[in-house]
Amino acid sequence: MSIDTTKVTPSTSFTASFAELGLITPLLARLSELEYLQPTPIQAQAIPSVLAGRDLIAGANTGSGKTATFALPLLQKLRADISSGSKSSKGNFVSGLILVPTRELAKQVADSIKSYAVHFNGEIKTVAVFGGVSINTQMLALRGGTDILVATPGRLLDLISSNAIKLDKVKTLVLDEADRMLSLGFTEEITALLALMPTKKQILLFSATFPEQVKTLTQELLNNPIEIQLQSSDASTLVQRVFTVNKGEKTALLEHLIKLHQWRQVLIFVNAKHHCEHLAEKLSKRGITAEVFHGDKGQSERSRVLDGFKAGDIDVLIATDIAARGLDIEKLPVVINFNLPRSPSDYMHRIGRSGRAGEVGLALSLIDHEDYHHFSVIEKKNKIRLDREQIEGFEVDEITEDSILAIEKPMAAPEGTGKKKRKKKAAVNADIWSGYSKPE
Ligand code: AMP
C-alpha cells in the first residue's frame, strides 16, 4: 500500500465547532451535555478526515481528547450503516475494533464510547474484553454481534479461538497507544490479529510517541494516511519539575512533599512491582497510607484500587508503568517519578496522567546522582529542558569529581553521599549547576 502522507499543519487557533466538523445531532447533543464546549486541536483536525474514511496517524499527547477523535466518527458511521441496512456486525462479527494495551484502558475507552452513544437508544452495542476476568461473561456479551469491540490482544485471540467473535468484517481498526501495541511483547499477537481482518479497512493509529517500528508499520499497513502531529505546547497546562536529592533521602523528600502540600491524589511511579510494596511500607512507617497498583494484582484488586483512587478515597497510589498508559483520572493534580522510567517515551506517558484536557497538573521527578545522566537523555529525546531544583533541608551533597563522573557515566557510584560531607547549597554554586535555578 502507498504512503502518500498528507501533513496537516497544527493550528491552536482553530475554532471550528463540533457541528462544523460534520457530526450529527445525537452526538452534538451528548457533547453539549458533557460540556465539551469546543473540539480539542486533535479533534478539530482529525474528525472530518476520519468521517471521510481516511486512514490516520495521530501523534497527540495523552489527555488531548484522542478517544473522542476516533469514537465520534466511528459511532456516526455505524449509525449510517444501520440506517442504510449495511451493518456488518451481525452474527458474531464486529465492525469497529479498538485494540488497547491494558485492561483498565479497555474499560475506560468502552465506557467513553457508551457515554457518547447515549442518544442512539441502544442501537449500537459496545463491548470491552480483556484478560484477568471470566471469559464466559464476555462470550455471552458478544452473542448476536458487536458493533464496537474494545479489546486487549491476548483475550481477543482467546475469544476468536472459542468462536465467540470473528474479525472478517472489521471496517475500522483503531490502535490506541500504538507505540506500546507495536512494541515487543505485543507484536506476535497483533500480527496474528491483523491476519484475520480484511485487507480493506480504515486504520487509525494514535500514540503520544512514534518510534521507528510504528513508522515502518504505517508504511506497510496504512493507505494514504492523514498525518497529524500536535506539539507538546498543546498541553501546556502541565508543569514539569525536577528535584535533585541524595540517594537514600528520596523517601524522606517524598514524605516531606506530600505532607507539606497535603496532596490528596498523588500517583507515584516506580520501576518494579516489588518496589511498589517496598515504598508503600516505608511511607506507612512515616505515617502516609498508600495503595499499590501493578500487574501481579488480581483484576478485582486492580479495579478496587483504581476506582478508589479515581473517587478520591485513596490519596497516594504507587504504581508501575502499567498505570502510565491512557488512564484518565479526572483532575489528577500530581504525578511523581520516584524512579525514572527506562524509556524517554514512558516519561511522557507517565506525566500525561496529570494536566489532562486543560486541567492544571504537576509532574515531579526525584533524581539522585545516579539518575542525572539518564534524566538528561530523557530531556533530550523529549526536547525538554528543566531546571534542577533543590528543596531546603534536602540539598544534595557537594559535587565531587566522582559525582561529576556519575553524571557522565550513569552507573558510577557517587562518593560523599553521607550526611557529614553535605555542604548546604554547595551544589548550587558548582559549575555543573550553572544555568539552573536555585531552590525555592
Ligand atoms: P483522552 O485523551 O481521550 O483520554 O481524553 C482526556 C479527557 O478529556 C477525558 O476526560 C475526556 O472526557 C475529555 N475531553 C475530550 N474531549 C474534550 C473536549 N472537546 N472538551 C472537553 N473535554 C474533553
Side-chain angles (χ1 to χ4, degrees), residues 10-23 27-48 50 56 58-76 98-118 126 128 148 150 174-181 204-209 228-232 234-238 265 267 306-307 309-312 323-333 335 348-361:
S11 157
T12 40
S13 57
F14 198 112
T15 49
S17 65
F18 279 112
E20 285 168 311
L21 300 182
L23 293 172
L27 292 174
L28 293 175
R30 184 60 184 152
L31 293 172
S32 139
E33 284 163 10
L34 291 172
E35 295 180 356
Y36 287 16
L37 303 178
Q38 186 178 323
T40 64
I42 183 80
Q43 291 162 358
Q45 291 173 46
I47 287 176
V50 179
L56 172 76
N61 287 291
T62 55
S64 58
K66 285 190 285 180
T67 315
T69 306
F70 61 78
L72 298 171
L74 202 55
L75 288 167
Q76 181 153 331
I98 300 152
L99 295 176
V100 295
T102 66
R103 301 162 190 184
E104 285 75 17
L105 195 50
K107 202 173 160 301
Q108 181 181 295
V109 168
D111 287 346
S112 296
I113 296 173
K114 286 177 195 167
S115 163
Y116 296 140
V118 290
T126 301
I148 301 179
V150 190
V174 179
L175 286 183
D176 196 9
E177 303 289 330
D179 60 331
R180 176 82 180 89
M181 300 304 299
L204 313 173
L205 283 187
F206 289 85
S207 186
T209 50
I228 299 174
Q229 184 65 51
L230 295 180
Q231 302 307 315
S232 48
D234 291 321
S236 54
T237 50
L238 178 72
Q265 251 183 330
L267 176 60
L306 196 62
D307 291 347
F309 189 58
K310 282 186 180 182
R325 296 280 174 161
L327 291 189
D328 183 31
I329 300 165
E330 210 184 330
K331 296 189 170 64
L332 177 61
V335 169
M348 296 312 285
H349 288 292
R350 283 182 179 188
I351 68 169
R353 296 313 99 223
S354 187
R356 295 166 73 73
E359 293 289 343
V360 176

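Whatever order the structure lists ligands and atoms in, that order sets their numbers, starting from 1.
Polar contact with ligand 1: absent for L37 (N/O pair, distance under 3.5 Å). Remark: ligand 1 and Y36 share an N or O pair separated by less than 3.5 Å (distance only, no angle test). Note: an N/O pair closer than 3.5 Å links K66 and ligand 1 by distance alone. When only interatomic distances are considered, the shortest N/O to N/O separation between E35 and ligand 1 does not fall below 3.5 Å.
Salt-bridge check for E33 with R30: passed, with a basic side-chain N closer than 4.0 Å to an acidic carboxylate O.
Residue contacts with ligand 1, taken as heavy atom pairs separated by less than 4.0 Å, involve F18 solely via side-chain atoms from C-beta onward. At a 4.0 Å heavy-atom cut-off, ligand 1 touches Q43 through the side chain alone.
Using a 4.5 Å heavy-atom cutoff, the side chains of L75 and I148 are in contact. Two residues are said to be in side-chain contact when any heavy atoms from C-beta on lie closer than 4.5 Å; L23 and L31 meet this criterion. With a 4.5 Å cut-off on side-chain heavy atoms, T67 and F206 do not count as touching. Considering only heavy atoms from C-beta on, P39 stays 4.5 Å or farther from I47 through its side chain.
Which parts of ligand 1 touch T67 is read off a 4.0 Å heavy-atom cut-off, strictly below it: atoms 1 (P), 3 (O), 4 (O).
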### Task
Mind running side-chain contact (heavy atoms from CB on, under 4.5 Å) on T126 and Y116 for me, showing each step along the way?
CA-CA 11 Å; T126 301; Y116 296 140; over 6 Å; no
